[in-house]
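The structure appears below as structure tokens.
What you see is a predicted model; the values in this text were computed from it and never measured. All values below were derived from every heavy atom in this structure, side-chain atoms included, with hydrogens, water molecules and symmetry-related copies excluded.
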Amino acid sequence: MRLAEAWRVALDALRANRLRSALTMLGVIIGVASVVILVAIGTGTKQKVEQQVEGLGSNLLLVVPGRIDVGSAPALSPLTLDDVDAVSRVVGDPDRVAVTVASGATVRAGARSDFSTVQGVLETTPAVFTRELARGRYLTGSDVDTSRRVAVLGASVARALFPDRDPVGQQVTVSGVRFRVIGVFAPLGQSLGVDRDDEVHVPVTAAQRLYGTQRIDGIAVKAPDRERIDELGGRIVAELTRRHPGTEFSAVTQEQILGVLGDILGILTGVLAAIAGISLLVGGVGVSNIMLVSVRERTREIGLRKAVGARPRDIGVQFLLEAVLLTSIGGLTGMALGVGTALTVAAVSPIPAAVTWWSLALAFGVSAAVGIVFGVVPAQRAGRLDPVVALRSE
Amino acid sequence: MTAPAIEAVDVSRTYQLDGVSVPALRGVSLTVAPGDYVALVGPSGSGKSTLMHLLGGLDRPTGGRLAIGGREVGSLSPGELAALRNETIGFVFQAFHLLPRTSAVDNVALPLVYRGVGARQRRERAAAMLGRVGLGHRLDHRPNQLSGGEQQRVAIARALVTDPTVLLADEPTGNLDSVTGAAVLELLERLNAESGVALVMVTHDHEVAARARRRIAMRDGVVVADSADERHDPPVSAGTGRPDTLVPAPSAESRSASGSGPGHPSGGTGGAAGATGRRAGEGPAGDAPAVPADEEAVP
């Protein structure tokens, strides 16, 4: 029998039992759709994270105490502003070095308040990280040197505290200390799960006084070029280790952060896809089941086909194609449903979703393979039926 | 003399049912010549359906030698056997066995599908064949839109569309009223005469059997009479040729005589062995309602 003929026969058989075919496909449809959706969400999240890490600025080197690794706890920082000066000397350009000492604090303005992250920073921050102002000005070197109590508000802080006024020139209170607002950031959105519009930047010296500490949490360096970034990191770490014997420091690049995050998100996406894959497997079992029923129901037809000259292989191929057709059509429908849902989710919710071609190809391939795997047993059973017995069946 | 279309030598078929061997055929020898017109008669469980399945290559003997179209059945794989059926055998069943939801022309074309004939040629040949059975105006009707007689004509067209050498018909008129049945029978006879296809027909109907040029009577898994033998050797069974008389009285020699051909007063109902054979035959060959087995053969 020609293969084209076998496809036609298989399609006819599916048409003859439309409802049953549709219900059988549903298992595959749901399985494929969930694989596509979950992989899309995983991929979308990863892409967004990458964008955000890259959006911090280019050629960034983050220097923190301890090791940056999956599962390691943040260490208490021994770094001080003296270390920052030392790092600046290593880098050779103080404008490329930024610091942060951050703490959550309630910021008040009149009767309104907002819980935000108050960061003590140097005036170099906008040059090192990518930050743009919507209004006013940023901190200056003299603000930092004189511990001036001035603050630059994140977009959402500004909106919360001064919904109807220009915040610039207004007063805010952080832990009972008054600060004058000199600028407002342009909105940035979320980055790595942190609302970056919820930040309030104050001079690092003022923040240290506010918190009663000399420490700083971390140093960020904008390397002059990408090629020498690892070497520069090594020198910075060496200098800091010399200054703080016995303490470990890490200088991580964006690539390294992305690598670590990518690994985590990759595992997460894999787990989600595997769970969705299980439903695809269950769908496959359903196909197998229905094909067995179909073989039994059509035993007489099989007997007749054999009587008029169908070889066991012809019958086997016919039923195998039927199973593959079931899962392939289910797979295509599931793909369409998955893509549609993923795009809708991405459009109407904050959950990012990016449909990738490879996930579609994989989902379709897997669904067709499921048809083959779960169609083989019923097909073999059909092919091996004794024509005499088959013809006599009810 | 042309080569026989089918040649069976001492063919037996034993079924294994729950570990028990039950013989359905116990040594049958016969040849079907090209253009033959044979009626296969015998009571239910006599093994005629089993023999029919063997002659049609649907089943393989467990003993003896069976050649269809000169090819030894025992040495063929299921796939080769299927191809052999496709090339040499046409089947007509009592229950028609047409595919539902499939037009008459597609039903008729079905054997050609497995022969690898292209769609257009299939349709042409199937339509021509339907024309020969008088259904040229019913090409695209589905089985449920056709009468019983028309359905059986479609089945006959399907059996003959491959130009087989042997047409095996299992109770072809069994599901039809007498008028329709007679018309179908006439059609089969006409096709037999016109195209030279050998017609082997299993029947319970004595009137039907009486029309055949040759009658083979079976009982308890053996051939008890073959009118072809009578012509060569008249004294054996001085019968009239009517099928009733082709079944001799029970004989103690039944087993040793089975299938040994002319010259023996062969019979098959003798003793316990016969009873076993009959019961056994009903399992695999249970094509008939539960009537007393001997009723029709010996009225």
A/Arg392 vs B/His53 side-chain heavy atoms within contact, under 4.5 Å:
yes
Which of B/Leu110, B/Leu81, B/Thr102, B/Ile89 touches chain A most, by non-hydrogen pairs under 4.5 Å
B/Leu110
Hey, are the side chains of B/Phe91 and A/Leu304 touching, using non-hydrogen atoms and a 4.5 Å cut-off?
no
Ranking B/Ala159, B/Gly57, B/Gly118 by heavy-atom pairs under 4.5 Å to chain A gives rank one to B/Gly118
Has B/Arg85 got a side-chain atom pairing as donor or acceptor with A/Lys306's backbone, closer than 3.5 angstrom?
yes
For B/Arg60, does the CZ atom have more than 12 heavy-atom neighbours from other residues, nucleotides or ligands under 6.0 Å away?
yes
Heavy atoms, side chains only, cut-off 4.5 Å: are B/Val117 and A/Glu5 in contact?
no
Nearest heavy-atom contact between A/Pro312 and B/Pro78 is CG-CB, 3.7 Å
Closest non-hydrogen atom pair, B/Leu58 against A/Ala307:
CD2-CA, 3.7 Å
B/Tyr114-A/Arg311 side chain donor-acceptor pair, cut-off 3.5 Å:
no
If I measure from the heavy atoms of chain A, does B/Arg122 come under 4.5 Å with its side chain, its backbone, both, or neither?
side chain
Which bit of A/Asp386 comes within less than 4.5 Å of chain B, counting heavy atoms only: side chain, backbone, both or neither?
side chain
Among A/Glu301, A/Arg298, A/Arg300, which residue meets the side-chain contact (heavy atoms from CB on, under 4.5 Å) test with B/Leu99?
A/Glu301
